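As the structure lists them, so they are numbered: ligands from 1, and atoms in each ligand from 1. Being a predicted model, the structure only gives us computed values, none of them experimental. In this chain, residues are counted from 1 in sequence order.
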Amino acid sequence: MDSKSLLAQAQQMQPELVQHRRHLHTIPEFGLELPKTLAYVTQAVEDLGELTVAPEISCAVLHIKGGKPGPTVLLRADMDALAVTEDTGLDFASTNGFMHACGHDLHMAMGIGAAKLLHTNRAELAGDVVVFFQSGEEGHGGADLMLERQMHMVSGSLPIAAYGLHVFSAAPSRNFASRPGPMMASAGDVIVTFTGKGGHGSMPWGGKDPITPMVQAINAIQQLTTKSFDAFDQVIVNVGWVRAGDTHTTNIVPETAAFGATIRTFSRENFTRIRTELENLMRSIAAGFGVEVNVEFSAASKVVINTPANVDRVKAVVAEAFGKERYEHMDQPIPGGEDYASILEVIPGAFVFLGAPDPTAEPQNRHANHSNKAVYDDSVLADGAALLAMLAFDALAS
Ligand SMILES: [Zn+2]
């Protein structure tokens, strides 16, 4: 399939994609319950293939059958918004207390656009494409829930490649970017609670102070991550809250002290290792002070690891359709998390970033993803839709 022709078709669709995106922007929904969003998206794609809907998790997969036999490729668009009160002043700003502050409204519009391009040109498609419209990306495990339901298997065979896109509101340009290997960190939480014995602050030896081991533990974690883990395969553990005692009194030994931290890793090995070693460290510190400890890890997203061959395809397809200056190689992964990682655990593929910076704001005044002031340039929609469709064509043709 000629990529220039696909791009021209996508550009013709641009006004319609903007309409989809802006409507979806006005109805942001949260987590795994996106009834309005799901209804809108499924209506937009229902004539383009066979739809399988999982209403209990507000997810859908569209199966587009190619005109020629062949394997399957998976494309993914996430659909959930954030619990952020929008303050952009846009005329299509949301007013319901949620906001598409991470640009998933653009991802949906691009997913709809890619599906249209693939359906229109299906006679030339040497295999099938399944398009994931996924809820719950923002820490709700949506990708895993779709995989658990075997929604990636709707064509009857495991896809040979998976591609997904993410837009950035504070990017320096409208370029595409990716990298082979780790691209985004795993992201998860830990809550550590030390339980001692309450007592009088004048005689701490009469109780079992839980604050002292907690303070030691917070310091020790920073030493663990720098002394036991490779500096070139970093582990980030950042404590975001601590809780102990009562601000009304200083003369009481509280019974419990707790903290919560986010954990980021850039390799599958460290994902497992930091959890084991952190728990061991917490137990030994607690034992040393004679208190109890409870270490609770949340469900975490995995590391986004791109397969080199699929990143090469992204680079080649961008160069052919948009010019090689539109592709940027990322020197480093970024510490943000993405549950698209779970899809890449099962299917080789690539994740691609696409700059969508507000063209009316100076670079230093742009607001990043997740900000209540984040503004995205939706003139990138045709490019994003075209790239997804081109990647599917290319992967199936090879
Ligand atoms: Zn996002």
Side-chain atoms of residues 281-290: list all donor-acceptor pairs with protein atoms under 3.5 Å, sequence neighbours left out, distances to 0.1 Å.
residue	atom	partner	partner atom	Å
R283	NE	E279	OE2	3.3
R283	NH1	V293	O	3.4
R283	NH2	E279	OE2	2.9
S284	OG	N280	O	3.4
S284	OG	L281	O	3.0

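Only protein atoms were considered; those of element N, O or S under 2.8 Å from the Zn ion (ligand 1) number 3.
In this structure, the side chain to side chain contact (heavy atoms under 4.5 Å, CB included) partners of A171, at least two apart in sequence or on a different chain, are F168. Taking the ring pair (Phe, Tyr, Trp, His ring centres under 6.0 Å) definition, one finds that Y340 meets it with F351, sequence neighbours left out.
For the side-chain contact (heavy atoms from CB on, under 4.5 Å) with F297, the lone residue among L278, V192, I191 that qualifies is L278.
Between H25 and F92, the two ring planes are perpendicular [angle over 60°; tilted spans 30° to 60°].
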- Task: Evaluate side-chain hydrogen bond (donor to acceptor under 3.5 Å, both in side chains) for R313 paired with Y163, printing each intermediate quantity in order.
- Result: CA-CA 11 Å; R313 170 167 293 121; Y163 299 100; 3.0 Å; yes
